[in-house]
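Presented below is the structure to which this report refers.
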Amino acid sequence: QVQLVESGGGLVQPGGSLTLSCAASGNIFSIYEMKWYRQAPGKQRELVAAINSDDEGTQIEDSVKGRFTISRNDAKNTVYLQMASLKPEDTAVYYCNAVPRNLEEPDYWGQGTQVSVSS
C-alpha cells in the first residue's frame with residue numbers, strides 16, 4: 001500500500017554534508033508520520049528524526065541535534081534528512097520509516113541507504 005525508496009547515501013569525509021531522500025508512493029494519505037532510523041554494525045537500530053505528516057512538527061534526537069534537519073516536499077511526496085558536520089560515528093545504514101494512521105497496521109520500511117563517513 002505504501003512503498004518507500006531511500007536514496008542519497010554514499011561516502012563522505014568527516015565534517016562533510018549529505019542529504020538523504022525518501023520517496024513515498026501508494027496511499028500517501030494513510031501515513032501519520034515519517035521517521036529516519038539508522039543502524040551501525042553491532043548496534044541497535046536507533047531513531048534519528050521524525051516529521052509529522054500533517055503539521056510538519058519535527059523531532060530530532062540529541063545525538064544529531066544541531067547537525068541534522070528533517071523536512072519534506074509534499075509535491076514530490078519526499079522526506080529529506082539533511083546531514084551536516086558528519087562524524088565517523090554517523091556511519092550506518094539509514095532507513096526511512098512510515099507510521100500508518102491506523103496504529104493496528106505495521107510500519108512501512110524502505111530498504112536502507114548506506115552512509116559512510118571516513119577520510
Side-chain angles (χ1 to χ4, degrees):
Q1 188 172 6
V2 174
Q3 295 79 43
L4 305 174
V5 180
E6 303 99 331
S7 62
L11 176 64
V12 63
Q13 294 184 333
S17 300
L18 202 63
T19 298
L20 307 182
S21 300
C22 175
S25 60
N27 189 9
I28 305 301
F29 298 109
S30 70
I31 300 173
Y32 170 69
E33 64 180 356
M34 301 287 293
K35 299 179 179 179
W36 284 98
Y37 285 82
R38 68 183 182 185
Q39 187 167 24
K43 295 185 177 181
Q44 299 182 41
R45 186 171 299 188
E46 65 173 343
L47 177 67
V48 178
I51 185 167
N52 187 271
S53 297
D54 296 321
D55 63 9
E56 297 191 71
T58 61
Q59 175 185 346
I60 306 294
E61 295 305 299
D62 290 341
S63 61
V64 301
K65 189 171 295 183
R67 300 187 298 118
F68 289 15
T69 300
I70 187 170
S71 62
R72 73 171 195 247
N73 185 319
D74 291 341
K76 297 181 178 180
N77 293 326
T78 300
V79 174
Y80 304 95
L81 184 67
Q82 187 173 351
M83 305 180 293
S85 301
L86 284 163
K87 306 174 181 179
E89 51 262 45
D90 294 319
T91 296
V93 177
Y94 285 71
Y95 296 92
C96 185
N97 165 269
V99 180
R101 295 185 186 275
N102 184 352
L103 298 181
E104 297 181 352
E105 298 180 5
D107 290 4
Y108 297 96
W109 292 89
Q111 295 301 305
T113 184
Q114 176 72 47
V115 174
S116 299
V117 184
S118 69
S119 57

Pair Thr91-Gln114, side-chain contact (heavy atoms from CB on, under 4.5 Å): steps then yes or no: CA-CA 8 Å; Thr91 296; Gln114 176 72 47; 4.0 Å; yes
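- Residue Ser118 holds its OG atom at 12.0 Å from CG of Asp90, rounded to the nearest 0.5 Å.
- Inter-residue side-chain proximity for Thr113 and Val93 is flagged as unmet; no heavy-atom pair is nearer than 4.5 Å.
- The CE atom of Met34 sits 11.5 Å away from atom CG of Leu81, with the distance rounded to the nearest 0.5 Å.
- With values rounded to the nearest 0.5 angstrom, Tyr37 atom OH is found 11.0 Å from Cys96 atom SG.
- Remark: Asn77 CG to Ser25 OG distance equals 8.5 Å, nearest 0.5 Å.
- Between Ser17 atom OG and Leu86 atom CG the span is 6.5 Å, to the nearest 0.5 Å.
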side-chain contact (heavy atoms from CB on, under 4.5 Å), that's the test. Do Val99 and Ile31 meet it? Break it down for me. CA-CA 6 Å; Val99 180; Ile31 300 173; 5.9 Å; no
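- For the pair Val48/Lys35, no side-chain contact is recorded, criterion being any heavy-atom separation below 4.5 Å from C-beta on.
- Rounding to the nearest 0.5 angstrom, the gap separating the CG atom in Leu11 from the OG atom in Ser119 is 9.5 Å.
- Under a hydrophobic clustering in which Ile, Leu, Val, Met, Phe, Trp and Tyr are joined whenever their side-chain heavy atoms come within less than 4.5 Å, directly or via other members, Leu18 and Tyr80 fall into different clusters.
- Here the closest heavy-atom approach between residue Ala49 and residue Ile60 is recorded as CB-CD1, 3.6 Å.
- Side-chain contact check for Trp36 versus Val79: some heavy-atom pair is nearer than 4.5 Å.
- Under a 4.0 Å N-O distance rule, the pair Arg72/Asp74 qualifies as a salt bridge.
- Nearest approach of Pro100 to Asp107, heavy atoms of both residues: CD-OD1, 3.6 Å.
- There is a side-chain donor-acceptor pair under 3.5 Å between Gln59 and Glu61.
- In this structure, Val5 and Gln111 have side chains that are not in contact, with every pair of non-hydrogen atoms separated by 4.5 Å or more.
- In the hydrophobic clustering of this structure, Leu47 groups with Tyr95; members are Ile, Leu, Val, Met, Phe, Trp, Tyr whose side-chain heavy atoms approach within less than 4.5 Å, directly or through other members.
- Side-chain N/O atoms of Tyr94 and Arg38 include a donor and acceptor closer than 3.5 Å.
- Annotation: side chain of Glu6 is not in contact with side chain of Ser21 (no heavy-atom distance under 4.5 Å).
- Within the 4.5 Å cutoff, the side chain of Ser30 has heavy atoms near those of the Val2 side chain.
- Judged by the 6.0 Å distance and 45° axis criteria, Arg45 is positioned over the aromatic ring of Trp109.
- Phe68 and Val117 fall within a single hydrophobic cluster, where Ile, Leu, Val, Met, Phe, Trp and Tyr are joined by side-chain heavy atoms under 4.5 Å apart, directly or via other members.
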